[in-house]
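Read the structure below first, then the notes.
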Amino acid sequence: AVNNQVKVDSYGSCAHNADVPAGMNLHKADDRIALMKQHRFNLAFEFGDAKDHITPVVWEAFVSGTLPVVIGASNVGMHFPLHSFVGKEDNCQKWDDLGNVVKDVVEDKKKWESYHAWRTDPKAKAAFEERYNFTRTSPECRMCRWAYAKRYGHGWDHKRQALRHTSILRDFCVDAGKIAVKPFRESWHHKTGSSYEEIVSAESSSSCEESRTEAKIGTMIRVLEEHDNVFDMTLTGLKDLSNADKLVLRLELPVHNTDGAHFQDAHTLVATARGALASSVAIQDKSSKVTVLASWETELRSLSEGVVEVVVQTKHENMHHGEDEIRRIRIIIEDMVELYDKITEYYPTSFGKLMVQDFVDPLELFYVD
């Protein structure tokens, strides 16, 4: 259709009608670009319309300074500056439409120049360069960084293809009483019936210089430490409750799980040998997911947005090891993965799986006084 409107030189095997100039080789990118520079437009037709699939034929046309006529990726317009190529955006729904548009552009110098206006527009150039600045780093290095981020639970900036902090910063901060303030606010309560009595809660002032803290909650000793991008809590010195039905740990996090929506026993999605002896709950929103695990069978739930409760002990509970009982809690904070995560489904990441397995099925576990 385009060939019916304007003269088209075809150097390839498809509709071949022109020979490559002497000294040029179409298998070399520099020669292809040099050849494009001799023409006002270049037909960059892809083999399919798969999203984000853009081959060198399109990129080389932009580099050469010719006007690309692009038929290909369904979202190709997202990848290039506005009004920088001829395509579906020019109401080219049929081949004849495309031919007419190309003919108009070839014959009208102002129209042709309008498609190149972005090249002298500082904002358009800056936005284009920023979008593809990641290509300055080799694909091998970017893949390595991505694998590192997934392996160790770091945030990943898909646009820049680089490591970043998780949406919920994993800064470990505690108040003067060694109660956690960040990345979650820690508080302890006695619960009788539906009534809560606060025992200890985090104050507003905090210090972020420690990776391990110890606090005394009644007779119980709580050790909290950050390591390997997770937060582990160890509880010892548990004694029979005399003035309450339950001892409850409350964790408050900046997660917008509407109405306390949560996933019960999320750890069971990960293959473990001792999973039946543990308990867990997960909450998530568009940006973050938080999984809380307990090393014993107990009740974990989210009663309201951003709040997770763990029943640490119940009245007259049979402690298997008496006052020597040791209970562990792990908090895993991650980003949602935009490529496959859904708000309505819980999907354990590779990092999440590793941290669940490490917690539920540790190779060895030592407690040193």
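The figures here come from the full heavy-atom set of this structure, side chains too, leaving out hydrogens, waters and symmetry mates.
- More than 12 heavy atoms of other residues, nucleotides or ligands lie within 6.0 Å of CZ in Arg119, so this atom counts as buried by the packing criterion.
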All N/O donor-acceptor pairs, side-chain side in residues 290-298, below 3.5 Å, sequence neighbours left out:
| residue | atom | partner | partner atom | Å |
| --- | --- | --- | --- | --- |
| Thr291 | OG1 | Tyr346 | OH | 2.9 |
| Ser295 | OG | Arg328 | N | 3.0 |
| Ser295 | OG | Arg328 | O | 3.4 |
| Thr298 | OG1 | Val311 | O | 2.5 |

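- With a 4.5 Å cut-off on side-chain heavy atoms, Glu225 and Phe172 do not count as touching.
- Side-chain contact of Thr166 with Asp335: a donor-acceptor pair under 3.5 Å is absent, judged by distance alone.
- Alongside Met336, the hydrophobic cluster contains Ile343 (criterion: ILVMFWY side chains under 4.5 Å).
- Ring-plane geometry between Trp156 and His158 is classed as perpendicular, the angle between the planes exceeding 60 degrees on a 0 to 90 degree scale with a lower cut at 30.
- Heavy-atom neighbours of Lys216 NZ from other residues, nucleotides or ligands within 6.0 Å: at or below the threshold of 12.
- Between Phe62 and Phe80, the angle of the ring planes stays under 30°, which puts this pair in the parallel group of the 30/60° scheme.
- Within 6.0 Å of CG on Leu277 lie more than 12 heavy atoms contributed by other residues, nucleotides or ligands.
- Aromatic ring centres of Tyr152 and Phe351: separated by at least 6.0 Å.
- Under a 4.0 Å N-O distance rule, the pair Arg131/Glu129 does not qualify as a salt bridge.
- Residue Glu209 places its CD atom among 12 or fewer non-hydrogen atoms of other residues, nucleotides or ligands, all under 6.0 Å distant.
- Looking only at atom types and distance, the side chain of Gln161 has no donor-acceptor partner in the side chain of Thr137 under 3.5 Å away.
- In the hydrophobic cluster analysis, where Ile, Leu, Val, Met, Phe, Trp and Tyr join through side-chain heavy atoms closer than 4.5 angstrom, Val174 is grouped together with Val200.
- A donor and an acceptor atom, one from each side chain of His53 and Thr55, are nowhere located under 3.5 Å apart.
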Distance-only donor-acceptor pairs under 3.5 Å for side chains of residues 302-310, two or more places apart:
| residue | atom | partner | partner atom | Å |
| --- | --- | --- | --- | --- |
| Ser302 | OG | Asn257 | ND2 | 3.0 |
| Ser302 | OG | Ser304 | O | 3.0 |
| Ser302 | OG | Val307 | O | 2.7 |
| Glu305 | OE2 | His256 | ND1 | 3.0 |
| Glu309 | OE1 | Tyr196 | OH | 2.8 |
| Glu309 | OE2 | Tyr196 | OH | 3.2 |
| Glu309 | OE2 | Arg250 | NE | 3.1 |
| Glu309 | OE2 | Arg250 | NH2 | 2.7 |

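- Asn25 places a side-chain heavy atom less than 4.5 Å from the side chain of Lys28.
- Clustering of Ile, Leu, Val, Met, Phe, Trp and Tyr side chains at separations under 4.5 Å places Tyr11 together with Val20, Met24, Leu26, Leu35.
- Residues Lys246 and Gln313 have side chains not in contact (no heavy-atom distance under 4.5 Å, counting atoms from C-beta outward).
- Heavy atoms from other residues, nucleotides or ligands lying under 6.0 Å from CH2 of Trp146 number 12 at most.
- Between Asp232 and Arg330 there is a salt bridge, since a side-chain N of the basic residue sits under 4.0 Å from a carboxylate O of the acidic one.
- Asn75 and Asp52 share a donor-acceptor pair across their side chains, judged by distance under 3.5 Å alone.
- Counting only residues at least two apart or in different chains, side-chain hydrogen bond (donor to acceptor under 3.5 Å, both in side chains) contacts with residues 169-182 comprise Lys178-Glu210.
- Counting heavy atoms from C-beta outward, Val58 and Phe85 have side chains that stay 4.5 Å or more apart.
- For the pair Arg327 and Glu325, the salt-bridge criterion is met [side-chain N within less than 4.0 Å of a carboxylate O].
- The local environment of NE2 in His27 is sparse, with at most 12 non-hydrogen atoms from other residues, nucleotides or ligands closer than 6.0 Å.
- Salt bridge present: Asp157 and Arg160 bring a charged side-chain N and a carboxylate O closer than 4.0 Å.
- A search for side chain to side chain donor-acceptor pair (under 3.5 Å) contacts involving Glu198 returns Ser201, not counting sequence neighbours.
- Side chains of Val86 and Phe41 form no contact here, defined as non-hydrogen atoms less than 4.5 Å apart.
- Between His83 and Tyr115, the two ring planes are parallel [angle under 30°; tilted spans 30° to 60°].
- Under 4.0 Å is where a charged nitrogen must lie from a carboxylate oxygen, and between Lys289 and Glu334 no such pair does.
- Following chains of ILVMFWY side-chain contacts shorter than 4.5 Å, one cannot reach Phe231 starting from Met355, and the two form parts of different hydrophobic clusters.
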